[in-house]
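Working notes, structure below.
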Amino acid sequence: MTIPAHRDLVLDVRGLRKTFHSRNGGPREALRGIGFSIERGSCLAVVGESGSGKTTAARIVAGLESATSGTVVVTDGRAGGKTRHGVQMVFQDPYGSLDPRQAVGAGLHELLKIHGMRRRADRRTRVSELLESVGLDDRHAGRYPASLSGGQRQRVAIARALALNPALLILDEAVSALDVSVQAQVLNLLADIRERTRISYLFVSHDLGVVRQVSDTCIVLRNGRLIESGPTADVLDAPRQGYTRALVDAVPRPGWRPRRRPA
Amino acid sequence: MKRDHTPRGAAARKIAATVAGAGATVLTASFVIFAGLAAAPGDPVSQLLGAKATDEARANMRRRLGLDDPLLERYRHWLTEALHGDFGISLTSRQEVTDLVGPRLATTFLLVGMAALLVVVVGIGLGVVGGLSRRGRAVVSALVGLGIAVPGFVAANALIGVFAVDLGWFPTYGSGHGLLDRVWHLTLPAVALSIGYGAYVSQLTAAAVAEESEKEYVMTARGRGVPAGVVLRHHTLRNAAVPVLTASGLAVAGLVAGTVVVEQMFAVDGVGALLIRSISSKDHPVVTAVSLIIVVAFVVVTTLIDLLQVALDPRERATS
Amino acid sequence: MTPAPLFRIQDLHVRLRHRGGERTLVREVSLSVRSGQSVGLVGESGSGKSVSIKAAMRLLPRGTRAEGRIAFDGGDVLTLGRRELARYRSREVALIHQDPRAHINPTRTVGAFLTEGVVHTGQMNRAEATERACALMADVGITDAARRLHQYPHQLSGGLLQRVMIVAALLPSPRLIFADEPTTALDVTVQSDVMAILLEQIRERQVSMLFVTHDLDLAAAVTDRLAVMYAGSIVETGPSAEISARPLHPYTAGLLQCRPSTAEVKRLTAIPGRPVAAHEAGTGCSFAPRCPFAVERCRAERPHDRSIEGRTVACHRVEEIADRLEERAS
Amino acid sequence: MAVTLGTAGELTRRRFASLGRPALIASTLVAGGLTLIAVIGPWIAPYDPDATDVLAAHQGPGARHLLGTDSLGRDILSRALAGARLSFAGPAVIMLISTILGTALAIFSAWHGGRVDRMVNRLLNVMFSVPGVLVAVLSSAVFGSGFWAPVLALGVVYLPYMARVVRSVAVRERHRGYVESLQLAGMSSWRICLRHLVPNVLPIVTAQGTYGFGSALADFAAVSFLGLGIQPPAAEWGVMVSEGRSELLDGALQQSLSAGTLIVVTVVAFNVLGAQLSSRSGGRR
């Protein structure tokens with residue numbers, strides 16, 4: 001696949017492979033050569049069931065894991081150091097996404113400080129801005145994670161990620177652990193943020209309904225292989241692969257009947 | 001390399017690795033002990049020959065003992081001899097170390113055996129009671145909390161004061177002759193030795209039983225109307241057995257090392273007392289041999305626990 | 001008159017001892033399941049749905065107290081003696097748990113797990129139980145049943161293990177199955193598979209089911225009737241198809257609207273705030289703080305069940321707002 | 001060894017923890033009081049703990065000597081009070097060594113994971129499989145008796161107990177989202193470990209350290225009792241139990257009894273306190 005030169009890509013991944021070597025079970029191929037790219041300002045969803053390799057792919061893009069082979073190019077318009085500051089990540093478990101012994105505001109101050117915001121007054125303004133941008137306010141700055149609900153914690157985690165002005169935000173099942181009524185709030189928040197800024201999302205999820213709401217394009221993974229890719233609407237409305245069809249058909253909705261898998 | 005990934009292959013590999021690890025531990029320990037003692041201050045030659053010996057006699061003795069050889073050479077030599085059952089000659093009594101250790105080993109084994117019986121029977125028994133009954137829990141907790149905190153040498157003093165001096169039921173010291181007399185002599189030492197470890201085992205048993213009885217699969221069984229007795233045997237006790245047996249094994253291993261203190265306290269003439277005596281008189285061949293025996297006993301017991309775990313827990317058997 | 005339901009909960013309260021006081025987990029829950037019927041009990045975390053099922057099995061943890069009446073086939077479950085309770089649990093009802101891996105003893109074989117329920121309650125001998133287990137395993141699509149019996153839980157996948165759990169539930173031929181989020185831990189395609197198997201089996205055998213889940217769409221698809229729970233109370237009860245087509249309680253409507261669809265993209269109508277537990281709810285309607293239709297009365301006075309359009313709805317304003325609930329969605 | 005003493009300790013502590021708040025207060029008071037005595041003991045002792053008075057030997061408890069005198073006529077109360085200092089100094093240094101080294105090793109191991117973690121784990125297992133008393137006794141054999149030989153040896157013996165418990169908590173924290181997102185934010189490993197991991201393992205370190213202090217005190221006294229640690233005539237509880245042993249046969253219980261009781265009370269207080277701290281640190285989630 002050739003990419004036209006005028007496309008402004010924030011992420012370009014090619015030929016990604018990852019093999020895990022466990023000590024007893026022999027090698028396990030988590031990713032068997034996948035490629036995808038994200039245009040600036042857009043959202044790519046990575047869809048798959050457990051063991052599909054979707055989280056591994058996200059972690060490699062973030063730089064938390066190294067690929068066995070393949071290339072990951074992030075274009076964030078800034079000089080990159082060892083870690084990719086242009087890429088930030090929000091994780092699944094709202095209870096693990098924040099340091100339990102650090103107040104929300106102190107954590108944000110610390111992040112801004114190590115990124116060169118020296119003056120306290122500047123930081124304070126920025127902290128207020130960040131909290132406001134995720135639907136919280138200064139009252140939350142003094143609170144510890146234990147006194148926040150799951151939804152509030154994920155909002156703080158998003159604010160922390162935004163503090164570094166990333167070009168790409170990876171959301172690894174970031175709303176899966178939330179109750180539906182709260183999940184909707186966070187999904188709306190993510191949509192608002194994307195509208196306001198030019199940020200791009202890499203959205204990892206097993207939930208096709210959520211994927212439909214947030215993403216422009218999507219790729220479907222199964223056992224480390226890319227099964228199908230394209231605009232989300234096309235993939236979900238008219239899947240070309242049997243597996244994608246099965247995934248879509250398995251989602252409960254009005255008038256749905258569960259079906260046994262052919263043996 | 002082709003590996004056998006079946007559960008049986010995994011179990012076999014695990015057993016092999018455990019046994020190999022135990023061997024490596026013993027070998028390392030033997031070298032550390034040997035090298036440590038070789039570096040210790042004190043001259044075995046003066047000890048053997050006395051201060052008045054001539055320089056020539058000293059040099060002869062040094063050569064005979066191989067003291068001029070490099071450390072590794074001496075260790076290799078010692079190890080070869082030791083593997084053939086020869087641990088050298090005691091520097092103080094001039095007896096074969098094997099002859100010194102042999103008879104005392106029987107005494108120590110009897111002591112450890114008696115204490116182990118107490119630890120396992122009383123410790124596990126109390127623990128199960130404490131883990132199951134809510135009323136029993138408080139009593140067992142208090143007993144156990146105290147038992148764990150009483151060091152063997154303090155317990156020994158109290159036991160001697162009460163049962164030997166005041167009541168006169170048991171002898172105050174010595175190891176006795178003949179089996180019955182020995183058992184009589186070793187009763188107080190065995191009790192003193194077993195208190196701490198018995199408390200440890202019963203505490204762990206109580207905790208494991210209490211924890212298991214709250215497990216989801218116990219609820220599943222109760223929810224299916226399975227009688228309480230069956231749930232207890234098939235689930236609660238069955239699954240608590242793994243940590244309980246482990247703790248008991250570690251406790252027995254601990255008893256082996258604990259004899260060093262308790263034998264001294266009751267003047268029981270076992271290998272533990274021999275070790276302390278030999279350290280005081282810088283009798284290094286005896287110290288090395290006895291330490292090694294204790295390490296081997298310790299490692300054998302802990303290795304048996306590991307193997308037992310593989311037998312009891314199917315997950316341990318599998319590739320993880 | 002219709003015959004009495006097979007299973008009926010009336011005015012159930014569950015309270016937990018907590019720091020000297022008591023905490024309400026479930027408040028005034030009433031619910032019934034008829035013979036051969038499937039009823040869904042839907043709610044978010046902390047709504048009290050799992051606690052209700054545990055109360056019905058008499059499996060509440062220590063320090064928890066259930067009051068009210070739970071009737072099975074006319075008998076009061078909460079006052080059953082030891083022998084009758086064992087009989088009730090072993091023959092009349094069965095429970096399928098959310099996480100099969102935690103609920104099956106990892107140190108015993110699949111065969112031992114499957115047969116223990118019927119063998120130790122004197123319903124079958126081991127040979128009969130094994131034979132029947134093999135037959136049922138074939139029915140639920142587990143191949144190679146004889147070999148599976150000798151395997152340990154860690155050697156089976158989650159989907160397979162949940163099918164083993166279904167077999168265990170069916171083995172004593174119960175009349176009612178409680179299913180507590182049976183597919184939540186599974187992938188969607190596996191969920192569809194396991195759910196289809198479960199439905200097929202209970203329909204074939206005329207078994208009733210009380211199905212607990214957080215997924216309203218799933219519950220609506222697999223049950224005849226629904227009860228929606230919020231903060232320890234049931235807010236709406238009625239036929240499943242009708243509830244999902246035309247919700248009458250603002251919370252039910254909110255749940256349906258905030259669930260993203262795979263078929264279309266629209267801005268989600270989120271419910272503000274977070275779900276509360278029963279003990280956090282104030283004196284008024286527990287949903288009032290999050291409800292766009294709440295008025296003074298809602299905040300002051302706890303609503304009672306009202307009958308409307310053949311349903312039971314706990315909302316003061318149900319008649320006024322029933323037609324406006326859907327408008328908000330668009 | 002697959003099953004760990006660390007886990008055993010975890011279960012054990014949970015039993016103690018069920019005693020609740022009164023136990024926390026009582027154990028804090030007792031442990032605090034004893035520590036205070038260890039600091040000021042020599043100054044509040046009514047007599048010179050080393051002053052012998054052969055004429056006043058073997059006295060029972062009385063008005064002049066509250067706990068009586070030993071075979072050399074020394075005041076037992078004064079010796080017990082003054083002896084607290086050495087009896088506490090030993091375990092204090094032991095726990096200092098094992099806590100600092102154990103925590104550092106645990107965090108190092110948890111941070112790097114993979115092969116490093118496996119190797120550290122294997123090292124800890126080897127250290128576990130060597131009996132502690134033996135190491136202390138042999139250390140005296142090699143380095144000579146006194147304060148430092150058994151203390152250094154026991155410091156190493158207690159290290160794996162600390163490291164095992166801290167490592168399990170640190171590994172759990174290591175893989176939480178907040179640590180990984182700090183890495184992505186470009187924070188240095190040092191800073192993440194010191195500013196985020198250490199504070200989060202600190203409660204369990206304190207608990208384990210307190211718990212271990214009791215056992216270390218008993219072990220250190222045992223070595224002195226054997227004559228391989230603190231040497232007579234210095235006042236130390238293990239030495240006192242040892243000296244009281246010969247008087248025991250004459251029916252004079254007070255020396256060995258008072259020193260023994262002090263040891264038991266101290267160990268109980270620190271064990272209960274450690275259990276309470278640990279249950280409170282674990283109750284966070």
Side-chain angles (χ1 to χ4, degrees), chain B residues 4-11 14 131-138 208-246 307-320, chain C residues 50 53-54 56-63 80 82-110 112-123 150-156 164-165 168-169 171-172 174 177-178 180:
Chain B
D4 181 1
H5 289 301
T6 60
R8 182 162 301 164
K14 204 160 239 169
L132 288 178
S133 115
R134 283 165 80 69
R135 237 173 297 154
R137 199 168 296 181
V209 168
E211 184 165 292
E212 280 302 323
S213 55
E214 284 163 17
K215 279 280 167 68
E216 283 95 339
Y217 44 77
V218 169
M219 193 168 77
T220 310
R222 281 171 55 209
R224 296 164 88 186
V226 177
V230 177
V231 177
L232 183 67
R233 270 184 288 126
H234 286 184
H235 298 286
T236 315
L237 295 185
R238 166 78 175 74
N239 284 32
V242 178
V244 167
L245 282 175
T246 308
L307 298 182
L308 208 60
Q309 268 176 351
V310 176
L312 276 176
D313 192 337
R315 287 164 298 180
E316 283 281 325
R317 261 173 269 162
T319 41
S320 50
Chain C
S50 290
I53 282 214
K54 292 216 172 70
M57 289 294 286
R58 292 265 303 268
L59 283 173
L60 287 171
R62 279 189 182 133
L80 287 179
R82 202 164 59 98
R83 206 175 277 268
E84 295 84 53
L85 180 63
R87 194 192 150 75
Y88 164 74
R89 283 171 171 174
S90 62
R91 294 166 196 233
E92 311 287 14
V93 296
L95 178 53
I96 299 173
H97 301 271
Q98 168 174 0
D99 179 4
R101 218 168 278 288
H103 284 89
I104 299 179
N105 191 338
T107 65
R108 308 189 75 222
T109 60
V110 168
F113 166 72
L114 283 174
T115 55
E116 83 170 350
V118 285
V119 170
H120 293 293
T121 53
Q123 298 174 67
H150 297 290
Q151 287 189 314
Y152 287 93
H154 71 264
Q155 294 167 304
L156 272 57
V164 167
M165 185 76 101
L171 205 54
I177 286 182
F178 297 109
D180 187 359

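Note that the structure is a prediction, hence the values are computed from the model and not measured. A note on names: the letters A, B, ... follow the listed sequences, proteins ahead of strands, and every chain is numbered from 1. Side-chain atoms are counted along with the backbone in the values below, which use heavy atoms only and exclude waters and symmetry mates.
- In this structure, C:Asn105 CG and B:His234 NE2 are separated by 10.5 Å, a value rounded to the nearest 0.5 Å.
- If you measure heavy-atom distances from B:Val226 to chain C, the contacts under 4.5 Å come from both the backbone and the side chain.
- Proximity to chain B involves both the backbone and the side chain of C:Phe113, based on heavy atoms less than 4.5 angstrom apart.
- Expressed to the nearest 0.5 Å, how far NE2 of C:His97 lies from CD of B:Glu216 amounts to 9.0 Å.
- No donor-acceptor distance shorter than 3.5 angstrom exists from the side chain of C:Thr107 to the backbone of B:Asn239, with no hydrogens or angles considered.
- Annotation: the span from C:His120 atom NE2 to B:Arg233 atom CZ amounts to 7.5 Å, rounded to 0.5 Å.
- Neither the backbone nor the side chain of C:Arg82 comes within less than 4.5 Å of any heavy atom in chain B.
- Using a 4.5 Å cut-off between heavy atoms, B:Ala228 does not touch chain C at all.
- Rounded to the nearest 0.5 angstrom, B:Arg222 CZ and C:Met57 CE are separated by 10.0 Å.
- Annotation: maximal heavy-atom pairing with chain B below 4.5 Å, among C:Leu95, C:Ile104, C:Asp99, occurs at C:Ile104.
- Of the listed residues (C:Ala86, C:Ser90, C:Ala102, C:Gly117), the greatest number of heavy-atom pairs within a distance under 4.5 Å of chain B belongs to C:Ala102.
- For chain B, no part of C:Ala169 is nearby; none of its heavy atoms comes within less than 4.5 Å.
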